[in-house]
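Below, chain A is the first sequence line, B the second, and so on; all start at residue 1.
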Number of protein chains: 2
Amino acid sequence: MASAEFWYEFASTYSYPAALRVAALADQRGVSLIWRPFLLGPIFMAQGWRDSPFNVYPAKGRYMWRDLERTCGAMGVPLKRPEPFPQPSLLAARVALTLEGDERSDFSRRVFLAEFGQGLPIGDRASLGALLAACGVDPTEAFDRAESAANKALLKAECARAAEIGVVGAPCVVTEDGEVFWGNDRLEQGLDWAAGAGLRRNS
Amino acid sequence: MASAEFWYEFASTYSYPAALRVAALADQRGVSLIWRPFLLGPIFMAQGWRDSPFNVYPAKGRYMWRDLERTCGAMGVPLKRPEPFPQPSLLAARVALTLEGDERSDFSRRVFLAEFGQGLPIGDRASLGALLAACGVDPTEAFDRAESAANKALLKAECARAAEIGVVGAPCVVTEDGEVFWGNDRLEQGLDWAAGAGLRRNS
């Protein structure tokens, strides 16, 4: 079976619709999906940005919010801008990394829906604890695992890996043969490529 | 009949596949297309970039060239990177602005095909003169009109207009009701919206 990686960042606006769409798109193509939460911060810092580029460049920010409104409108999903934007996403990423399989994707979708669907904060234990409980995960145990030295190091390694393979923003689909497709509007192309790469490997 | 504006910049890589695709996509939707050449330079300068962001941020540049390679490959059109990149596009934009209707779109496609299909320079009179002649336009007369004070002022006004309506990059489709869709991968959505806006107006 072909597989693909879905790289996403909890503070990233376009990761929100992507996280809601990507599983069905992968299923339709017979592609097994690996959810890889990471942080854009280190990648942005390397480009000299100490904030979201949508804040650094207000014209781009205005464009993005309107575009996201259209995108969510067409999907029939709510959009409410969280304050502040971007939300601190470190703890959510650490937590997601400790979860496996469906728990990770389920938790991730719930974080995005709270943050961008309802405009709620996602940076602290209280907010994330409720979402974890809704997934059937014990929050205290999850936070303990999330804040362990090993898990912190793992997330750092994931961020380094993202930069290394050419992930320049979020979300990205990365195929087995190393192709990177950046953007919510590129999920289909990335997963088509992933399905094709699987065919090429098996032929 | 619904109409839409196609804003493009001759130095812009994604404007190349867009210029080759956009007319057929507009026709399919019954949308009348207005080709609006402009310069990204003033918009980039306002964001503090004195070069293409694909040069300012090399990781983004690497991503873009590979992505463009895939895009052109899927379309079956050639891709050859011009040196230097970006090419000086001022004269081409001034010339395009003096042409009307089909002459403008024909000339524009020829410029993009020379520049990114064959990797040829497009900054000088010799290069552009041959393309004008191939369109059946007298090069000397075209350059005279292009370099007139009135035409120079017109291009400046077009660039100011682009910034004013929220064009943050190239290519963009701008609809009659003021929606901006940025990117070669957004032509379909922009033209769908344009067709819908036409329907809303006529109903």
So, do [X] and [Y] sit near enough that their side-chain heavy atoms are less than 4.5 Å apart?
X	Y	result
B:Leu128	B:Pro139	no
B:Phe143	B:Val95	yes
B:Leu155	B:Leu90	yes
A:Leu132	A:Leu99	yes
A:Leu187	A:Phe6	yes

Record all donor-acceptor atom pairs with a distance under 3.5 Å between chain B and chain A; write none if the list is empty.
{"residue": "B:Trp49", "atom": "NE1", "partner": "A:Tyr57", "partner atom": "OH", "Å": "3.1"}
{"residue": "B:Tyr57", "atom": "OH", "partner": "A:Trp49", "partner atom": "NE1", "Å": "3.1"}
{"residue": "B:Tyr57", "atom": "OH", "partner": "A:Tyr57", "partner atom": "OH", "Å": "3.0"}
{"residue": "B:Tyr63", "atom": "OH", "partner": "A:Trp182", "partner atom": "N", "Å": "2.7"}
{"residue": "B:Arg66", "atom": "NE", "partner": "A:Glu179", "partner atom": "OE1", "Å": "2.9"}
{"residue": "B:Arg66", "atom": "NE", "partner": "A:Glu179", "partner atom": "OE2", "Å": "3.1"}
{"residue": "B:Arg66", "atom": "NH2", "partner": "A:Glu179", "partner atom": "OE1", "Å": "3.3"}
{"residue": "B:Arg66", "atom": "NH2", "partner": "A:Glu179", "partner atom": "OE2", "Å": "2.5"}
{"residue": "B:Asp67", "atom": "OD1", "partner": "A:Arg186", "partner atom": "NH1", "Å": "2.7"}
{"residue": "B:Asp67", "atom": "OD2", "partner": "A:Arg186", "partner atom": "NH1", "Å": "3.1"}
{"residue": "B:Asp67", "atom": "OD2", "partner": "A:Arg186", "partner atom": "NH2", "Å": "3.0"}
{"residue": "B:Arg70", "atom": "NH1", "partner": "A:Glu179", "partner atom": "OE1", "Å": "2.7"}
{"residue": "B:Arg70", "atom": "NH1", "partner": "A:Val180", "partner atom": "O", "Å": "3.0"}
{"residue": "B:Arg70", "atom": "NH2", "partner": "A:Val180", "partner atom": "O", "Å": "2.7"}
{"residue": "B:Glu179", "atom": "OE1", "partner": "A:Arg66", "partner atom": "NE", "Å": "3.0"}
{"residue": "B:Glu179", "atom": "OE1", "partner": "A:Arg66", "partner atom": "NH2", "Å": "3.3"}
{"residue": "B:Glu179", "atom": "OE1", "partner": "A:Arg70", "partner atom": "NH1", "Å": "2.7"}
{"residue": "B:Glu179", "atom": "OE2", "partner": "A:Arg66", "partner atom": "NE", "Å": "3.2"}
{"residue": "B:Glu179", "atom": "OE2", "partner": "A:Arg66", "partner atom": "NH2", "Å": "2.6"}
{"residue": "B:Val180", "atom": "O", "partner": "A:Arg70", "partner atom": "NH1", "Å": "3.0"}
{"residue": "B:Val180", "atom": "O", "partner": "A:Arg70", "partner atom": "NH2", "Å": "2.7"}
{"residue": "B:Trp182", "atom": "N", "partner": "A:Tyr63", "partner atom": "OH", "Å": "2.7"}
{"residue": "B:Asp185", "atom": "OD2", "partner": "A:Arg186", "partner atom": "NE", "Å": "3.0"}
{"residue": "B:Asp185", "atom": "OD2", "partner": "A:Arg186", "partner atom": "NH2", "Å": "3.4"}
{"residue": "B:Arg186", "atom": "NE", "partner": "A:Asp185", "partner atom": "OD2", "Å": "3.0"}
{"residue": "B:Arg186", "atom": "NH1", "partner": "A:Asp67", "partner atom": "OD1", "Å": "2.7"}
{"residue": "B:Arg186", "atom": "NH1", "partner": "A:Asp67", "partner atom": "OD2", "Å": "3.1"}
{"residue": "B:Arg186", "atom": "NH2", "partner": "A:Asp67", "partner atom": "OD2", "Å": "3.0"}
{"residue": "B:Arg186", "atom": "NH2", "partner": "A:Asp185", "partner atom": "OD2", "Å": "3.4"}

Practice item. Supply the atom-to-atom distance A:Phe10 CZ to A:Leu91 CG, rounded to the nearest 0.5 angstrom. Key: 10.0 Å
